[in-house]
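The structure appears right after this line, and notes come after that.
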Protein chains: 2
Amino acid sequence: MTLTELKYIVAVAQKKHFGQAAQACFVSQPTLSIAIKKLEEELDIKLFERSSKNEIRITDIGQQVIEQAQKVLRETQVINEISQQGKDPLSGTFRLGAIYTIGPYLLPNLIPRINESAPNLTLIIEEDFTANLSTKLKQGELDAIIISYPYDEAGIETAPLYEEPFVVALHSRHEWLQKEQISVNELVGQDLMLLGAGHCFRDQVIQACPQCMESNNELTRTLEGSSLETIRHMVAAGTGITVLPCTSMMHSQQNHDLISIKSFANPQPSRTVALAWRKHYPRKEAIQQIIDNIQQCQLPGTQSIR
Amino acid sequence: MTLTELKYIVAVAQKKHFGQAAQACFVSQPTLSIAIKKLEEELDIKLFERSSKNEIRITDIGQQVIEQAQKVLRETQVINEISQQGKDPLSGTFRLGAIYTIGPYLLPNLIPRINESAPNLTLIIEEDFTANLSTKLKQGELDAIIISYPYDEAGIETAPLYEEPFVVALHSRHEWLQKEQISVNELVGQDLMLLGAGHCFRDQVIQACPQCMESNNELTRTLEGSSLETIRHMVAAGTGITVLPCTSMMHSQQNHDLISIKSFANPQPSRTVALAWRKHYPRKEAIQQIIDNIQQCQLPGTQSIR
DNA sequence: TTTATTCAATAGATAAAACCGATTGATAAA
DNA sequence: TTTATCAATCGGTTTTATCTATTGAATAAA
C-alpha cells in the first residue's frame with residue numbers, strides 16, 4: 001500500500017471516472033488503473049464496480065476503505081504542516097544552560113535581546129555546574145550551555161563569547177582600600193573566600209594564584225555550596241576578601257559602600273566565557289543567534305571576542 | 001513522502017540506530033539512510049541529529065513529525081483491518097428489493113434462511129414496482145431485486161428462481177365452485193379485478209388472457225393503487241373474481257371459507273420469478289447465497305428452476 | 001443488424017526509484 | 001597511532017512506476 005495508491009482511489013471515488021481521476025492526479029489512465037488494481041489485489045477486495053459507459057460505483061467495503069484513505073491522507077498532510085511550521089530554526093523551544101557564576105549577570109541582559117531578535121524562540125533557562133550542564137548538553141536535555149574555558153568535550157563545539165577579567169572585592173575598611181590595583185601574589189595569606197568545589201570559577205582563581213590556598217582551607221570549606229552573592233555579603237561583613245568575575249559586580253545594586261572593588265595588576269587574571277553545543281545540533285542558526293545576542297550584550301569590563 | 005519512509009523514521013526513532021532500524025525494516029542500512037535523507041530534504045527539516053558513536057538524537061521537530069507518522073501508520077493499518085473484515089462477501093449489508101406481488105409471500109420464508117446461512121449479512125428489504133426497483137438497482141441503491149420475467153435491462157444479469165403458476169380466486173358462492181379447473185378463456189366476461197398499472201403481475205395476467213380486459217375496465221380502474229390483499233378481500237366480499245400468483249394464497253391464514261381457489265387448466269399461465277443484479281456487482285457469492293436460499297424455500301405450488 | 005463511441009484493461013517499452021554490497025569518512029575509544 | 005563503530009556515499013542491479021498505443025467490452029446510434 002502506498003500513499004499514491006490511496007490518492008488514486010480517493011480521486012476515482014470523487015470523479016467516478018478513471019480517466020478524469022487520472023487527469024486530476026496528473027497521470028495517465030493506465031497508470032491509475034494498474035495502481036488501483038494492485039491495491040485491490042493487495043487488500044484482496046474490490047473497491048470499485050467498473051461498468052463501461054455509466055459511472056463507476058464504489059463498493060460498500062470500498063466506501064469504508066476510501067473514507068479511511070482520506071483520513072490517512074489528511075494525517076499525512078499534517079506532517080507537511082508540522083515541518084512547514086517548524087522549518088524556522090528561530091522558532092520552537094531552545095534550552096539554554098549557564099553556569100552559576102555567569103547566569104545571574106548575563107541572562108537578565110541577554111533574554112530580552114533574544115525575545116526581541118527571535119520572537120518565535122521560546123527560551124528555557126537552566127543554571128548548574130559545568131559538569132551537570134555538560135552532561136545535560138550531551139544527553140540532549142539542553143541545546144546549548146554558557147560556560148567558561150577551558151572546556152573540551154568530545155562531540156561538543158564551542159565559540160568564545162567574551163573575556164571576563166577577575167576583580168578583588170574587599171571590605172571598605174580593608175588595608176588595601178587605597179591601592180589602585182592588586183597583584184595576584186598579594187592574595188597569599190589573605191582570608192580569601194572561594195566558592196565550593198564544582199564551581200569552575202573556584203578552580204580558575206586557584207589556577208591564577210595557586211599559593212593562595214595554603215592559608216585559608218578552613219574558611220573556604222565553610223563556604224562549600226555557597227554562591228557569589230553569599231560571599232559578597234560576607235565581604236561586606238568583613239569576614240574576608242574574595243575574587244569575583246567582573247560582571248558579578250557591575251550590574252549589582254548591592255555594590256554598596258561596604259565593598260570596594262579593585263582590579264588586578266597586569267597580567268590580569270580572567271576567564272573566557274563561551275557557548276557550547278553538540279557538534280551535530282541541527283539548528284545552527286539558533287546557535288548563531290544566541291552568540292550574536294550575547295556578544296551584543298557588551299557587559300561592562302568585558303572584552304568582546306570576534 | 002511515502003509510507004515506507006514513515007516506517008523508516010519511526011524505526012530509527014525506536015532503535016536510535018540506523019543499522020538496527022534497517023534490520024528491523026528488513027532493508028540495508030544505505031537504503032534506510034537514503035530514504036530518510038530524501039524525506040528530510042522533501043520536508044526541508046532535520047529529523048535526526050546524527051552523531052557517530054553515541055546514539056541518534058531526535059530533533060524537537062523530528063519528534064513531532066515521528067509522532068504524526070506513527071498516527072498515519074496506525075490509520076493505514078485500519079485500512080487493512082477494514083478490508084480483512086470486509087473480505088467475507090457474506091458480511092456487511094445487502095439491500096434486496098422485491099416487487100409487491102412477491103415480497104410479502106417469499107420474504108417471510110426467505111429472510112430467516114438467510115439469517116441462518118449468512119449470519120454476518122445484514123439484509124435490508126425494499127418493496128416497489130419493477131420499474132422503481134430497476135432504477136434503484138442500476139443506481140446502486142439496491143444490490144439485487146426479485147422480479148419476474150420478462151426482464152431485460154442493459155448491464156443487469158438475472159437468474160430464474162422458480163416458476164409460479166397463476167390461480168383463480170373466487171367467492172365460495174360463485175357459480176364455478178364445483179369446477180375442478182378454469183380455462184383461461186373462461187375469464188372473459190367475468191368481473192375480473194386486476195392490480196393497477198405498474199404492477200407487472202397485471203400485465204402478465206392480461207397477456208395470459210388479452211380478451212378479459214374488454215368487459216371490466218371500470219372495475220379494474222377503481223383498484224388502481226391497490227394490492228393483492230385488498231383484491232382478495234373484495235373477492236371474499238363477492239365483488240368479483242381475480243387471478244393471483246399461487247404463492248399469495250398458500251401461506252395465507254386468511255385463506256378462509258369465503259374464498260375458493262381454482263387452478264388453471266393446461267396450459268397453466270404462470271410467471272418466472274427471477275433475481276437480478278448488476279453485471280459487475282462484486283459480491284457474487286452473496287448473490288449466489290440469495291439464489292440458493294430462495295430456491296430452498298420451495299414455496300407450495302411453485303416449481304424450482306435449476 | 002452494423003457502426004461508432006466510450007471507457008477501462010492490457011501490452012510493450014522506458015524512465016525512475018528502490019535497493020544491495022562494498023567502500024569511504026568521520027568519530028571516539030584503546 | 002591504531003582500531004572499532006556507524007552513517008554516508010558509490011556503482012550497479014532489480015524492481016516499480018509510468019508512458020503511449022492498442023485491445024476489448026459494452027453501450028448508443030445509424
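Numbers restart at 1 for each chain; the letters A, B, ... are given by sequence-line order, proteins then strands.
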Figure out the CD/C1' separation between A:E42 and D:dT16, and round it to whole Å. 14 Å

Here's a test of your reading of the structure: between A:G19 and A:E153, which maps to the more 5' nucleotide of DNA chain C? A:G19

Are OP1 or OP2 of D:dA7 and a side-chain N or O of B:H17 less than 4.0 angstrom apart? yes

In whole Å, I'd like the distance from the NZ atom of A:K279 to the C1' atom of D:dC6. 15 Å

Verify salt bridge (Lys or Arg N to Asp or Glu O under 4.0 Å) between B:K71 and A:E75, making sure each step is shown before the conclusion. CA-CA 7 Å; B:K71 193 169 181 183; A:E75 297 294 354; 3.7 Å; yes

Phosphate contact (C:dT10 OP1 or OP2) by A:K37 side-chain N/O below 4.0 Å: yes

Taking atom CG of B:D152 as the centre, does the number of heavy atoms from other residues, nucleotides or ligands within less than 6.0 Å exceed 12? no

Separation between OG1 (A:T122) and CZ (A:R95), nearest 0.5 Å, reads 10.5 Å

Are A:Y151 and A:S134 close enough, and set up right, to give a side chain to side chain donor-acceptor pair (under 3.5 Å), and what steps lead you there? CA-CA 10 Å; A:Y151 187 80; A:S134 199; 2.4 Å; yes

Counting N and O atoms only, with roles assigned by atom type, does the side chain of B:R283 sit under 3.5 Å from a partner on the main chain of B:S91, one being a donor and the other an acceptor? yes

Expressed as a whole number of angstroms, how long is the span from A:K46:NZ to C:dA8:C1'? 11 Å

For B:D152 and D:dT27, give me the distance from atom CG to atom C1', rounded to whole Å. 13 Å

Show your working on side chain to side chain donor-acceptor pair (under 3.5 Å) between A:D60 and A:Q64 and close with a plain yes or no. CA-CA 7 Å; A:D60 280 9; A:Q64 294 177 58; over 6 Å; no

Length of the CZ-C1' vector between B:F48 and D:dC6, whole Å: 15 Å

Would you mind reading off the distance between A:I56 atom CD1 and C:dT6 atom C1', rounded to a whole angstrom? 12 Å

Could you tell me how far apart A:R50 (CZ) and C:dT10 (C1') are, to the nearest whole angstrom? 13 Å

B:E49/B:R57 ion pair, N-O < 4.0 Å: yes

How would nucleotides 17-22 of chain C be written as a contact map, 5' to 3', with B for base contact, S for sugar-phosphate-only contact and - for no contact, using protein heavy atoms under 4.0 Å? -SSBBB

Using whole Å, what does the distance between atom C1' of nucleotide D:dC6 and atom CD of B:E49 come to? 16 Å

Starting at the 5' end of DNA chain D, which residue's closest nucleotide do you reach first, B:I156 or B:F18? B:F18

